[in-house]
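These notes are about the structure you will find just below.
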Amino acid sequence: MPHAVENASALADELLALRKDIIEQAVPMLAGLAGAGQMAEEKRAGLENLCHYLALRHHDLRPLQRKLMWRGLSSLGRLESRVLPTIDAVLAALAAICGTNPAFPPPSEERFFLGESLLRQAADELFGPPRVHRRGRIMVTLPSEAAAQPDFVLDLAKRGMDVARINCAHDDERAWAEMARHVRAASAALDRRLTVLMDIAGPKIRTEAVAGEKGTRLKAGDLLRLVAKGAPYVTPEAAFCAAVSLPEIVTRVSVGDRIRYDDGKLEGVVESVSEGEALVRVGRTKTGGAKLKPEKGLNLPDTALGLSPLTAKDHSDLAAIIGQADMLGYSFVSRADDIDLLEEALAEFPPREHALGLIAKIEQPQAVTSLPALIARARCRERPFGVMIARGDLAAEIGFERVAEMQEEILWICEAAFVPTVWATQVLEDLVKTGLPSRGEMTDAAMAARAECVMLNKGPAVSEAVSLLDSLLARMDAHIFKKTPTLRALKSW
(Lines give C-alpha, C1' and ligand atoms only; values in the text may rest on other atoms or scores of the structure.)
Protein backbone atom coordinates (compact mmCIF):
# COMPACT_ATOMS: atom_id res chain seq x y z
CA MET A 1 0.00 0.00 0.00
CA PRO A 2 1.50 3.39 -1.00
CA HIS A 3 2.51 5.58 1.94
CA ALA A 4 -0.02 8.35 1.09
CA VAL A 5 -2.87 5.83 0.94
CA GLU A 6 -1.73 4.25 4.19
CA ASN A 7 -1.76 7.65 5.89
CA ALA A 8 -5.22 8.42 4.49
CA SER A 9 -6.50 5.06 5.74
CA ALA A 10 -5.16 5.73 9.25
CA LEU A 11 -6.75 9.18 9.18
CA ALA A 12 -10.08 7.66 8.13
CA ASP A 13 -9.88 5.25 11.07
CA GLU A 14 -9.24 8.17 13.42
CA LEU A 15 -12.19 10.09 12.03
CA LEU A 16 -14.46 7.02 12.20
CA ALA A 17 -13.57 6.56 15.85
CA LEU A 18 -14.38 10.23 16.48
CA ARG A 19 -17.73 9.87 14.70
CA LYS A 20 -18.63 6.81 16.79
CA ASP A 21 -17.67 8.61 20.00
CA ILE A 22 -19.73 11.69 19.08
CA ILE A 23 -22.87 9.66 18.45
CA GLU A 24 -22.46 7.65 21.66
CA GLN A 25 -21.95 10.80 23.75
CA ALA A 26 -24.84 12.64 22.09
CA VAL A 27 -27.46 10.00 22.93
CA PRO A 28 -27.58 10.67 26.70
CA MET A 29 -27.23 14.42 26.07
CA LEU A 30 -30.33 14.40 23.89
CA ALA A 31 -32.25 12.25 26.36
CA GLY A 32 -31.31 14.63 29.16
CA LEU A 33 -32.71 17.70 27.41
CA ALA A 34 -36.34 17.80 28.59
CA GLY A 35 -38.84 18.15 25.79
CA ALA A 36 -36.55 16.78 23.08
CA GLY A 37 -39.09 14.14 22.12
CA GLN A 38 -42.00 16.57 21.87
CA MET A 39 -40.94 18.90 19.08
CA ALA A 40 -41.30 19.22 15.34
CA GLU A 41 -38.90 17.28 13.14
CA GLU A 42 -36.87 20.31 12.04
CA LYS A 43 -36.50 21.50 15.64
CA ARG A 44 -35.42 18.06 16.78
CA ALA A 45 -32.88 17.99 13.95
CA GLY A 46 -31.36 21.16 15.37
CA LEU A 47 -31.22 19.69 18.85
CA GLU A 48 -29.58 16.49 17.58
CA ASN A 49 -26.98 18.51 15.69
CA LEU A 50 -26.39 20.62 18.81
CA CYS A 51 -25.71 17.47 20.86
CA HIS A 52 -23.34 16.19 18.17
CA TYR A 53 -21.57 19.56 18.24
CA LEU A 54 -21.27 19.59 22.03
CA ALA A 55 -19.89 16.06 21.99
CA LEU A 56 -17.43 17.00 19.25
CA ARG A 57 -16.22 20.07 21.16
CA HIS A 58 -15.37 17.91 24.17
CA HIS A 59 -12.41 16.71 22.09
CA ASP A 60 -9.24 18.64 21.28
CA LEU A 61 -9.36 18.47 17.48
CA ARG A 62 -6.31 20.58 16.71
CA PRO A 63 -3.95 17.72 15.72
CA LEU A 64 -6.63 16.14 13.53
CA GLN A 65 -7.38 19.48 11.90
CA ARG A 66 -3.75 19.92 10.87
CA LYS A 67 -3.67 16.46 9.28
CA LEU A 68 -6.81 17.21 7.28
CA MET A 69 -5.81 20.71 6.20
CA TRP A 70 -2.61 19.84 4.32
CA ARG A 71 -4.46 17.12 2.39
CA GLY A 72 -6.88 19.74 1.10
CA LEU A 73 -9.77 18.39 3.17
CA SER A 74 -12.13 20.19 5.53
CA SER A 75 -10.47 21.11 8.81
CA LEU A 76 -13.86 20.68 10.58
CA GLY A 77 -13.56 24.31 11.68
CA ARG A 78 -16.87 25.49 10.21
CA LEU A 79 -19.23 22.59 10.85
CA GLU A 80 -21.51 24.18 13.46
CA SER A 81 -24.71 23.65 11.47
CA ARG A 82 -23.66 20.29 9.92
CA VAL A 83 -21.60 18.10 12.22
CA LEU A 84 -22.24 14.60 10.84
CA PRO A 85 -22.64 15.72 7.19
CA THR A 86 -19.19 17.35 7.35
CA ILE A 87 -17.56 14.30 8.90
CA ASP A 88 -19.25 12.00 6.38
CA ALA A 89 -18.11 14.21 3.49
CA VAL A 90 -14.51 14.02 4.70
CA LEU A 91 -14.77 10.26 5.19
CA ALA A 92 -16.02 9.91 1.60
CA ALA A 93 -13.06 11.95 0.34
CA LEU A 94 -10.62 9.80 2.33
CA ALA A 95 -12.27 6.64 0.98
CA ALA A 96 -11.75 7.97 -2.56
CA ILE A 97 -8.06 8.52 -1.81
CA CYS A 98 -7.80 4.96 -0.51
CA GLY A 99 -9.84 3.50 -3.38
CA THR A 100 -12.42 1.99 -1.02
CA ASN A 101 -16.14 2.43 -0.45
CA PRO A 102 -17.07 5.05 2.19
CA ALA A 103 -18.28 3.73 5.54
CA PHE A 104 -21.28 6.10 5.34
CA PRO A 105 -23.03 7.55 2.30
CA PRO A 106 -21.66 10.99 1.45
CA PRO A 107 -24.23 13.74 2.09
CA SER A 108 -26.18 15.28 -0.74
CA GLU A 109 -25.80 19.02 -1.26
CA GLU A 110 -29.27 19.50 0.23
CA ARG A 111 -28.43 17.51 3.36
CA PHE A 112 -25.05 19.19 3.74
CA PHE A 113 -26.58 22.68 3.80
CA LEU A 114 -29.84 21.72 5.55
CA GLY A 115 -28.78 23.34 8.84
CA GLU A 116 -28.15 26.67 7.11
CA SER A 117 -31.56 26.45 5.46
CA LEU A 118 -33.36 25.69 8.73
CA LEU A 119 -31.52 28.53 10.51
CA ARG A 120 -32.57 30.92 7.75
CA GLN A 121 -36.19 29.77 8.07
CA ALA A 122 -36.10 30.23 11.84
CA ALA A 123 -34.72 33.78 11.44
CA ASP A 124 -37.41 34.66 8.89
CA GLU A 125 -40.10 33.31 11.19
CA LEU A 126 -38.82 35.28 14.18
CA PHE A 127 -37.71 38.61 12.70
CA GLY A 128 -39.46 38.70 9.35
CA PRO A 129 -37.68 38.41 5.99
CA PRO A 130 -34.32 40.17 5.54
CA ARG A 131 -33.63 43.02 3.14
CA VAL A 132 -32.66 42.08 -0.41
CA HIS A 133 -29.12 43.45 -0.06
CA ARG A 134 -28.16 41.96 3.33
CA ARG A 135 -28.76 38.86 5.44
CA GLY A 136 -28.73 40.44 8.92
CA ARG A 137 -31.54 42.48 10.42
CA ILE A 138 -31.16 45.79 12.25
CA MET A 139 -32.94 46.25 15.58
CA VAL A 140 -33.27 49.72 17.08
CA THR A 141 -34.24 50.56 20.66
CA LEU A 142 -36.85 53.30 20.45
CA PRO A 143 -36.45 56.32 22.75
CA SER A 144 -39.38 57.68 24.76
CA GLU A 145 -39.82 60.52 22.25
CA ALA A 146 -40.70 58.00 19.52
CA ALA A 147 -44.19 57.71 21.02
CA ALA A 148 -44.95 61.20 19.70
CA GLN A 149 -42.77 61.14 16.56
CA PRO A 150 -44.13 58.90 13.80
CA ASP A 151 -41.83 60.58 11.26
CA PHE A 152 -38.80 59.59 13.33
CA VAL A 153 -39.88 55.93 13.29
CA LEU A 154 -40.58 56.11 9.55
CA ASP A 155 -37.12 57.58 8.95
CA LEU A 156 -35.50 54.74 10.90
CA ALA A 157 -37.39 52.24 8.75
CA LYS A 158 -36.39 54.00 5.53
CA ARG A 159 -32.75 53.90 6.61
CA GLY A 160 -32.89 50.17 7.29
CA MET A 161 -34.50 49.35 10.66
CA ASP A 162 -36.15 45.91 10.53
CA VAL A 163 -37.09 45.43 14.21
CA ALA A 164 -38.17 48.11 16.69
CA ARG A 165 -37.35 47.36 20.31
CA ILE A 166 -39.52 48.78 23.09
CA ASN A 167 -38.01 48.53 26.56
CA CYS A 168 -40.83 48.03 29.06
CA ALA A 169 -38.56 49.11 31.89
CA HIS A 170 -39.32 52.66 30.72
CA ASP A 171 -42.44 54.65 29.78
CA ASP A 172 -45.93 53.16 30.07
CA GLU A 173 -48.54 51.15 28.16
CA ARG A 174 -49.85 54.20 26.35
CA ALA A 175 -46.40 55.15 25.07
CA TRP A 176 -45.66 51.55 24.05
CA ALA A 177 -48.91 51.38 22.10
CA GLU A 178 -48.08 54.60 20.26
CA MET A 179 -44.60 53.39 19.39
CA ALA A 180 -45.96 50.09 18.08
CA ARG A 181 -48.63 51.95 16.10
CA HIS A 182 -45.97 54.10 14.43
CA VAL A 183 -44.00 50.98 13.50
CA ARG A 184 -47.09 49.40 11.92
CA ALA A 185 -47.76 52.62 10.02
CA ALA A 186 -44.18 52.72 8.74
CA SER A 187 -44.48 49.10 7.69
CA ALA A 188 -47.61 49.87 5.69
CA ALA A 189 -46.10 53.01 4.14
CA LEU A 190 -43.00 51.13 2.95
CA ASP A 191 -44.86 47.90 2.09
CA ARG A 192 -42.24 45.99 4.09
CA ARG A 193 -42.74 43.89 7.18
CA LEU A 194 -41.36 45.52 10.32
CA THR A 195 -41.53 43.67 13.62
CA VAL A 196 -41.77 44.81 17.24
CA LEU A 197 -39.82 43.38 20.16
CA MET A 198 -40.97 44.33 23.66
CA ASP A 199 -38.62 43.58 26.57
CA ILE A 200 -40.08 42.79 29.96
CA ALA A 201 -38.01 44.50 32.62
CA GLY A 202 -37.43 41.59 34.98
CA PRO A 203 -36.06 42.21 38.47
CA LYS A 204 -34.21 45.46 37.84
CA ILE A 205 -30.99 45.44 39.87
CA ARG A 206 -30.12 49.12 39.99
CA THR A 207 -29.19 52.00 42.21
CA GLU A 208 -32.03 54.28 43.30
CA ALA A 209 -31.51 57.43 45.36
CA VAL A 210 -27.85 58.25 46.00
CA ALA A 211 -25.95 60.42 48.48
CA GLY A 212 -22.47 61.86 48.39
CA GLU A 213 -20.63 65.12 47.95
CA LYS A 214 -21.74 66.66 44.67
CA GLY A 215 -19.15 66.49 41.91
CA THR A 216 -16.94 63.90 43.61
CA ARG A 217 -16.27 60.49 42.09
CA LEU A 218 -15.74 57.08 43.55
CA LYS A 219 -12.15 55.93 43.28
CA ALA A 220 -10.13 52.89 44.31
CA GLY A 221 -10.05 52.59 48.10
CA ASP A 222 -13.32 54.43 48.73
CA LEU A 223 -16.17 52.86 50.69
CA LEU A 224 -19.64 52.68 49.18
CA ARG A 225 -22.61 51.91 51.40
CA LEU A 226 -25.60 50.08 49.87
CA VAL A 227 -28.88 50.28 51.80
CA ALA A 228 -31.88 48.01 51.35
CA LYS A 229 -34.49 50.45 52.65
CA GLY A 230 -34.81 54.08 53.58
CA ALA A 231 -32.93 57.14 52.42
CA PRO A 232 -29.22 56.86 51.64
CA TYR A 233 -26.86 58.59 54.05
CA VAL A 234 -23.14 59.29 54.30
CA THR A 235 -20.69 58.99 57.18
CA PRO A 236 -17.04 59.98 57.56
CA GLU A 237 -15.94 56.43 56.76
CA ALA A 238 -18.29 55.95 53.78
CA ALA A 239 -18.76 59.19 51.84
CA PHE A 240 -20.94 57.52 49.18
CA CYS A 241 -24.24 55.73 49.61
CA ALA A 242 -26.93 54.30 47.33
CA ALA A 243 -30.34 52.78 47.93
CA VAL A 244 -30.98 49.70 45.79
CA SER A 245 -33.98 48.61 43.78
CA LEU A 246 -34.13 45.14 45.35
CA PRO A 247 -33.45 44.47 49.04
CA GLU A 248 -32.02 41.04 48.12
CA ILE A 249 -28.94 42.78 46.75
CA VAL A 250 -27.99 43.76 50.29
CA THR A 251 -29.53 40.99 52.36
CA ARG A 252 -27.98 38.09 50.43
CA VAL A 253 -24.43 39.27 49.80
CA SER A 254 -21.52 37.90 51.81
CA VAL A 255 -18.17 39.37 52.71
CA GLY A 256 -15.83 38.90 49.75
CA ASP A 257 -18.57 38.99 47.08
CA ARG A 258 -17.80 41.19 44.09
CA ILE A 259 -20.13 43.99 43.01
CA ARG A 260 -19.93 45.75 39.66
CA TYR A 261 -21.62 49.08 38.93
CA ASP A 262 -22.77 50.61 35.62
CA ASP A 263 -21.58 47.91 33.18
CA GLY A 264 -18.29 47.49 35.02
CA LYS A 265 -17.27 51.14 35.31
CA LEU A 266 -16.62 50.34 38.97
CA GLU A 267 -15.83 47.10 40.76
CA GLY A 268 -15.66 46.54 44.49
CA VAL A 269 -15.75 43.80 47.11
CA VAL A 270 -18.17 43.54 50.02
CA GLU A 271 -16.16 44.35 53.15
CA SER A 272 -18.88 44.05 55.79
CA VAL A 273 -22.60 43.28 56.08
CA SER A 274 -24.98 44.49 58.76
CA GLU A 275 -28.74 44.77 59.15
CA GLY A 276 -30.13 46.24 55.92
CA GLU A 277 -26.84 47.47 54.50
CA ALA A 278 -23.48 46.43 53.09
CA LEU A 279 -20.18 48.26 52.80
CA VAL A 280 -18.29 47.84 49.53
CA ARG A 281 -14.60 48.66 49.17
CA VAL A 282 -13.91 49.99 45.68
CA GLY A 283 -11.13 48.07 43.97
CA ARG A 284 -11.00 49.67 40.55
CA THR A 285 -12.84 52.20 38.43
CA LYS A 286 -12.50 53.75 35.03
CA THR A 287 -9.80 56.42 34.76
CA GLY A 288 -10.77 59.46 36.82
CA GLY A 289 -13.26 57.57 38.95
CA ALA A 290 -16.97 56.82 38.59
CA LYS A 291 -19.92 59.07 39.36
CA LEU A 292 -22.57 57.58 41.61
CA LYS A 293 -25.95 58.03 39.93
CA PRO A 294 -29.48 56.68 40.24
CA GLU A 295 -30.82 54.11 37.78
CA LYS A 296 -27.45 52.49 37.10
CA GLY A 297 -27.10 48.73 36.89
CA LEU A 298 -25.56 46.56 39.62
CA ASN A 299 -24.13 43.10 38.95
CA LEU A 300 -23.27 40.56 41.62
CA PRO A 301 -21.37 37.72 39.89
CA ASP A 302 -20.63 35.82 43.13
CA THR A 303 -24.04 36.13 44.81
CA ALA A 304 -26.96 33.71 44.41
CA LEU A 305 -29.88 36.12 44.60
CA GLY A 306 -32.57 33.52 43.90
CA LEU A 307 -34.74 36.04 42.03
CA SER A 308 -37.59 35.05 39.75
CA PRO A 309 -37.10 36.48 36.25
CA LEU A 310 -40.80 37.46 36.25
CA THR A 311 -41.91 40.26 38.54
CA ALA A 312 -45.41 41.47 39.36
CA LYS A 313 -44.86 44.36 36.93
CA ASP A 314 -43.90 41.91 34.19
CA HIS A 315 -47.13 39.99 34.71
CA SER A 316 -49.18 43.16 34.36
CA ASP A 317 -47.16 44.22 31.28
CA LEU A 318 -47.81 40.94 29.45
CA ALA A 319 -51.29 42.00 28.35
CA ALA A 320 -49.87 45.01 26.52
CA ILE A 321 -47.05 42.97 25.04
CA ILE A 322 -49.36 40.27 23.74
CA GLY A 323 -51.54 42.93 22.12
CA GLN A 324 -48.73 44.95 20.52
CA ALA A 325 -45.58 42.89 20.00
CA ASP A 326 -44.32 40.26 17.58
CA MET A 327 -41.61 39.14 20.02
CA LEU A 328 -41.03 39.19 23.76
CA GLY A 329 -37.56 39.81 25.17
CA TYR A 330 -37.04 37.71 28.32
CA SER A 331 -34.59 39.34 30.71
CA PHE A 332 -32.69 37.48 33.46
CA VAL A 333 -33.64 34.04 32.11
CA SER A 334 -31.09 31.58 33.44
CA ARG A 335 -32.63 28.08 33.72
CA ALA A 336 -34.83 25.91 31.53
CA ASP A 337 -37.57 26.14 34.18
CA ASP A 338 -37.68 29.90 33.56
CA ILE A 339 -39.12 29.13 30.12
CA ASP A 340 -41.95 27.16 31.75
CA LEU A 341 -42.56 30.03 34.18
CA LEU A 342 -43.11 32.43 31.30
CA GLU A 343 -45.27 29.96 29.37
CA GLU A 344 -47.53 29.53 32.39
CA ALA A 345 -47.96 33.30 32.59
CA LEU A 346 -48.69 33.58 28.85
CA ALA A 347 -51.22 30.74 29.06
CA GLU A 348 -53.45 32.97 31.18
CA PHE A 349 -54.21 35.05 28.08
CA PRO A 350 -56.30 34.09 25.03
CA PRO A 351 -54.25 32.57 22.17
CA ARG A 352 -53.06 34.89 19.40
CA GLU A 353 -53.55 34.39 15.68
CA HIS A 354 -49.76 34.39 15.25
CA ALA A 355 -47.54 32.96 17.97
CA LEU A 356 -45.61 35.49 20.02
CA GLY A 357 -41.89 35.06 19.39
CA LEU A 358 -39.52 34.66 22.33
CA ILE A 359 -35.97 35.97 22.62
CA ALA A 360 -33.98 34.77 25.63
CA LYS A 361 -31.47 37.38 26.77
CA ILE A 362 -28.23 35.68 27.81
CA GLU A 363 -26.73 37.97 30.40
CA GLN A 364 -25.80 35.77 33.38
CA PRO A 365 -23.23 32.98 33.84
CA GLN A 366 -25.92 30.43 34.67
CA ALA A 367 -27.72 31.27 31.43
CA VAL A 368 -24.52 30.49 29.51
CA THR A 369 -24.05 27.08 31.12
CA SER A 370 -27.78 26.33 30.78
CA LEU A 371 -27.99 27.45 27.15
CA PRO A 372 -28.50 23.97 25.58
CA ALA A 373 -31.27 23.21 28.10
CA LEU A 374 -32.84 26.64 27.54
CA ILE A 375 -32.85 26.05 23.79
CA ALA A 376 -34.37 22.59 24.16
CA ARG A 377 -37.13 23.77 26.48
CA ALA A 378 -37.99 26.74 24.26
CA ARG A 379 -37.91 24.77 21.02
CA CYS A 380 -40.53 22.29 22.26
CA ARG A 381 -42.98 25.20 22.33
CA GLU A 382 -44.91 26.33 19.29
CA ARG A 383 -43.39 29.77 19.05
CA PRO A 384 -40.44 31.31 17.16
CA PHE A 385 -37.33 31.45 19.32
CA GLY A 386 -34.04 33.31 19.34
CA VAL A 387 -31.18 34.27 21.66
CA MET A 388 -29.86 37.75 22.45
CA ILE A 389 -26.20 38.02 23.43
CA ALA A 390 -26.64 40.80 26.00
CA ARG A 391 -22.96 41.68 26.15
CA GLY A 392 -23.23 44.52 28.66
CA ASP A 393 -24.61 42.57 31.60
CA LEU A 394 -22.74 39.46 30.48
CA ALA A 395 -19.41 41.31 30.60
CA ALA A 396 -20.24 42.72 34.02
CA GLU A 397 -21.09 39.24 35.28
CA ILE A 398 -18.26 37.14 33.83
CA GLY A 399 -15.62 39.83 33.36
CA PHE A 400 -14.53 41.84 30.34
CA GLU A 401 -11.63 39.51 29.61
CA ARG A 402 -14.01 36.60 28.96
CA VAL A 403 -16.89 38.26 27.14
CA ALA A 404 -15.21 38.22 23.70
CA GLU A 405 -14.60 34.49 24.01
CA MET A 406 -18.10 33.83 25.35
CA GLN A 407 -19.94 35.77 22.66
CA GLU A 408 -18.24 33.51 20.09
CA GLU A 409 -19.22 30.34 21.91
CA ILE A 410 -22.86 31.48 22.15
CA LEU A 411 -22.87 32.17 18.40
CA TRP A 412 -21.52 28.66 17.75
CA ILE A 413 -23.98 26.92 20.08
CA CYS A 414 -26.94 28.73 18.56
CA GLU A 415 -25.83 28.04 14.99
CA ALA A 416 -25.45 24.35 15.86
CA ALA A 417 -29.06 24.35 17.15
CA PHE A 418 -30.36 26.41 14.16
CA VAL A 419 -31.35 29.22 16.54
CA PRO A 420 -31.07 32.86 15.33
CA THR A 421 -29.08 35.31 17.44
CA VAL A 422 -29.14 39.03 18.25
CA TRP A 423 -25.77 40.79 18.74
CA ALA A 424 -26.52 43.45 21.36
CA THR A 425 -25.03 46.14 23.62
CA GLN A 426 -22.94 49.15 22.63
CA VAL A 427 -22.89 48.47 18.90
CA LEU A 428 -21.65 51.72 17.28
CA GLU A 429 -22.13 53.34 20.68
CA ASP A 430 -19.91 56.36 20.02
CA LEU A 431 -21.64 57.00 16.70
CA VAL A 432 -25.09 56.70 18.28
CA LYS A 433 -24.22 59.10 21.09
CA THR A 434 -21.81 61.57 19.46
CA GLY A 435 -22.23 61.20 15.70
CA LEU A 436 -18.68 59.87 15.20
CA PRO A 437 -17.74 56.17 15.36
CA SER A 438 -14.52 54.85 16.84
CA ARG A 439 -12.28 52.52 14.85
CA GLY A 440 -12.76 49.71 17.35
CA GLU A 441 -16.54 49.83 17.26
CA MET A 442 -16.54 49.71 13.46
CA THR A 443 -14.67 46.41 13.65
CA ASP A 444 -17.10 45.16 16.31
CA ALA A 445 -20.06 46.09 14.12
CA ALA A 446 -18.48 44.26 11.18
CA MET A 447 -18.12 41.12 13.29
CA ALA A 448 -21.78 41.46 14.29
CA ALA A 449 -22.67 40.48 10.72
CA ARG A 450 -22.31 36.84 11.79
CA ALA A 451 -25.49 37.15 13.86
CA GLU A 452 -28.96 37.18 12.33
CA CYS A 453 -29.79 40.52 13.93
CA VAL A 454 -27.77 43.46 15.31
CA MET A 455 -29.17 45.80 17.95
CA LEU A 456 -28.52 49.53 18.21
CA ASN A 457 -29.30 51.43 21.37
CA LYS A 458 -31.06 54.79 21.47
CA GLY A 459 -29.12 58.03 21.11
CA PRO A 460 -29.04 61.39 19.31
CA ALA A 461 -27.44 59.99 16.16
CA VAL A 462 -29.13 56.59 16.00
CA SER A 463 -30.57 57.39 12.55
CA GLU A 464 -27.08 57.90 11.13
CA ALA A 465 -25.98 54.67 12.83
CA VAL A 466 -28.79 52.73 11.11
CA SER A 467 -27.67 54.03 7.71
CA LEU A 468 -24.05 53.12 8.37
CA LEU A 469 -24.91 49.68 9.73
CA ASP A 470 -27.19 48.98 6.77
CA SER A 471 -24.27 49.60 4.39
CA LEU A 472 -21.70 47.82 6.56
CA LEU A 473 -23.74 44.62 6.96
CA ALA A 474 -24.35 44.49 3.21
CA ARG A 475 -20.63 44.79 2.51
CA MET A 476 -19.68 42.20 5.13
CA ASP A 477 -22.11 39.72 3.58
CA ALA A 478 -19.80 39.64 0.59
CA HIS A 479 -16.87 38.67 2.82
CA ILE A 480 -18.17 36.32 5.50
CA PHE A 481 -21.06 34.00 6.36
CA LYS A 482 -21.03 32.97 10.02
CA LYS A 483 -17.46 31.59 10.45
CA THR A 484 -16.85 31.03 6.75
CA PRO A 485 -14.92 33.62 4.69
CA THR A 486 -16.56 34.12 1.29
CA LEU A 487 -13.94 35.10 -1.25
CA ARG A 488 -15.41 37.70 -3.57
CA ALA A 489 -13.05 39.29 -6.06
CA LEU A 490 -10.87 41.98 -4.46
CA LYS A 491 -10.55 45.29 -6.30
CA SER A 492 -8.31 47.36 -4.01
CA TRP A 493 -5.10 46.03 -5.55
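FYI, side chains are in, hydrogens and waters are out, and symmetry mates aren't considered; it's all heavy atoms of this structure.
Taking each heavy atom of D314 and A201 in turn, the nearest pair found is OD1-N, 3.2 Å. Across every non-hydrogen atom of M161 and V466, the tightest pair is N-CG1, 3.7 Å. Pairing each heavy atom of V273 with each of V250, the nearest pair is CG1-O, 4.3 Å. Of all heavy-atom pairs between L472 and A446, the closest is CD2-N, 3.7 Å. Minimum heavy-atom separation, R352 to I321: NH1-O, 4.3 Å. Contact record, D263 with F400: O-CZ, 3.1 Å, taken as the closest heavy-atom pair.
Between R225 and T235 the shortest side-chain heavy-atom distance falls below 4.5 Å. Residues Y233 and E277 form a side-chain contact, since some pair of their non-hydrogen atoms from C-beta on lies under 4.5 Å apart. Within the 4.5 Å cutoff, no side-chain heavy atoms of F332 are placed close to those of K204. Residues L54 and M29 form a side-chain contact, since some pair of their non-hydrogen atoms from C-beta on lies under 4.5 Å apart. Looking at heavy atoms from C-beta onward, Y330 lies out of side-chain contact with M388 at the 4.5 angstrom threshold. Contact annotation: the side chain of E409 never approaches that of Q407 to less than 4.5 Å [non-hydrogen atoms, C-beta and beyond]. Side-chain contact between P294 and E208: absent, with no pair of heavy atoms (C-beta onward) separated by less than 4.5 Å. Within the 4.5 Å cutoff, the side chain of M198 has heavy atoms near those of the W176 side chain.
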Report the C-alpha distance between Q426 and R391 in whole Å, list the side-chain angles of each, state the deciding distance to 0.1 Å, and finish with yes or no for side-chain hydrogen bond (donor to acceptor under 3.5 Å, both in side chains).
CA-CA 8 Å; Q426 294 185 323; R391 301 182 301 163; over 6 Å; no
Walk me through it: do Y261 and N299 pass the test side-chain contact (heavy atoms from CB on, under 4.5 Å)?
CA-CA 6 Å; Y261 162 80; N299 295 91; over 6 Å; no
Give the C-alpha distance, both sets of side-chain angles, the deciding distance and a yes or no for side-chain contact (heavy atoms from CB on, under 4.5 Å) between E80 and N49.
CA-CA 8 Å; E80 276 71 17; N49 187 73; over 6 Å; no
Does the side-chain contact (heavy atoms from CB on, under 4.5 Å) test come out yes or no for I413 and V387, once each step is laid out?
CA-CA 10 Å; I413 293 296; V387 161; over 6 Å; no
Verify side-chain contact (heavy atoms from CB on, under 4.5 Å) between V253 and L300, making sure each step is shown before the conclusion.
CA-CA 8 Å; V253 295; L300 296 85; 3.3 Å; yes
Applying salt bridge (Lys or Arg N to Asp or Glu O under 4.0 Å) to R62 and D60, what does each step give before you reach the verdict?
CA-CA 6 Å; R62 288 172 292 182; D60 185 348; 2.7 Å; yes
Test salt bridge (Lys or Arg N to Asp or Glu O under 4.0 Å) on E429 and K433 and set out the steps.
CA-CA 6 Å; E429 188 81 349; K433 289 184 175 179; 3.1 Å; yes
Between D430 and R439, is a salt bridge (Lys or Arg N to Asp or Glu O under 4.0 Å) present by the stated rule, with each step listed?
CA-CA 10 Å; D430 286 347; R439 295 173 181 84; over 6 Å; no
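Ion pairing of E116 with R82 is present here, as a side-chain N (NZ or NE/NH1/NH2) and a carboxylate O approach within less than 4.0 Å. Salt-bridge formation is detected for the pair R44/E48: a Lys NZ or Arg NE/NH1/NH2 atom is positioned less than 4.0 Å from an Asp or Glu carboxylate oxygen. Salt bridge R134/D162: present, at least one basic N to carboxylate O contact under 4.0 Å. Salt-bridge formation is detected for the pair D124/R137: a Lys NZ or Arg NE/NH1/NH2 atom is positioned less than 4.0 Å from an Asp or Glu carboxylate oxygen. With respect to the salt-bridge test (charged N to carboxylate O, under 4.0 angstrom), the residues D222 and R281 do not qualify. D326 has a carboxylate O that lies under 4.0 Å from a charged side-chain N of R184, or vice versa, which qualifies the two as a salt bridge. With respect to D337 and R377, a salt bridge is recorded, a charged nitrogen being found less than 4.0 Å from a carboxylate O.
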Extract all donor-acceptor atom pairs below 3.5 Å that involve side chains of residues 448-465 and protein atoms in other chains or at least two apart in sequence.
unit_1 : atom_1 : unit_2 : atom_2 : d
R450   : NE     : M447   : O      : 2.9
R450   : NH1    : E408   : OE1    : 2.5
R450   : NH2    : E408   : OE1    : 3.4
R450   : NH2    : E408   : OE2    : 2.9
E452   : OE1    : T421   : N      : 2.9
E452   : OE1    : T421   : OG1    : 3.2
E452   : OE2    : R135   : NH1    : 2.9
E452   : OE2    : K482   : NZ     : 2.8

Please tabulate, for the side chains in residues 364-374, all donor-acceptor contacts under 3.5 angstrom to protein atoms that are two or more places apart in sequence or on a different chain.
unit_1 : atom_1 : unit_2 : atom_2 : d
T369   : OG1    : Q366   : O      : 3.0
S370   : OG     : S334   : O      : 3.2
S370   : OG     : Q366   : O      : 2.9

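Atom CD of E275 is surrounded by 12 or fewer heavy atoms from other residues, nucleotides or ligands within 6.0 Å. Open room surrounds CD on E213; 12 or fewer heavy atoms of other groups in view lie less than 6.0 Å from it. Around the CZ atom of R284, the shell of radius 6.0 Å holds no more than 12 heavy atoms that belong to other residues, nucleotides or ligands.
Every residue two or more places apart in sequence or in another chain that forms a side chain to side chain contact (heavy atoms under 4.5 Å, CB included) with P150 is listed here: H182. For E343, the side-chain hydrogen bond (donor to acceptor under 3.5 Å, both in side chains) partners at least two apart in sequence or on another chain are R383. Judged as a salt bridge (Lys or Arg N to Asp or Glu O under 4.0 Å), and not counting sequence neighbours, D393 has no contacts. Taking S308 as the reference, L310, L341 meet the side chain to side chain contact (heavy atoms under 4.5 Å, CB included) condition, with sequence neighbours excluded.
Side chain to side chain, K219 and T285 fail the donor-acceptor criterion of an N or O pair below 3.5 Å. In the model, R165 has a side-chain atom that pairs as donor or acceptor with a side-chain atom of T141 under 3.5 Å. Looking at H59 and D21, their side chains do bring a donor and an acceptor atom within 3.5 Å of each other.
The backbone N or O of G160 sits nowhere less than 3.5 Å from a side-chain atom of D470 that would complete a donor-acceptor pair. A donor-acceptor pair is defined here as one N or O able to donate and one able to accept, closer than 3.5 Å; no such pair exists between the side chain of K483 and the backbone of L79. The backbone N or O of G202 sits nowhere less than 3.5 Å from a side-chain atom of S331 that would complete a donor-acceptor pair. Although no hydrogens or angles enter the test, the distance criterion places a donor-acceptor pair under 3.5 Å between the side chain of K43 and the main chain of R381. Judged by distance alone, the side chain of T207 and the main-chain N or O of K293 form a donor-acceptor pair under 3.5 Å. Without hydrogens or angle criteria, N167 side chain to H170 main chain gives no donor-acceptor distance under 3.5 Å. A donor-acceptor pair under 3.5 Å is absent between the side-chain atoms of E178 and the main chain of A175, judged by distance alone.
For the side chain to side chain contact (heavy atoms under 4.5 Å, CB included) criterion with S81, the lone passing option out of W412, F418, Y53 is F418.
In this structure, the separation between CG on L56 and CD1 on I23 is 11.5 Å, given to the nearest 0.5 Å. Rounded to the nearest 0.5 Å, atoms CG (L358) and CG (L328) are 6.5 Å apart.
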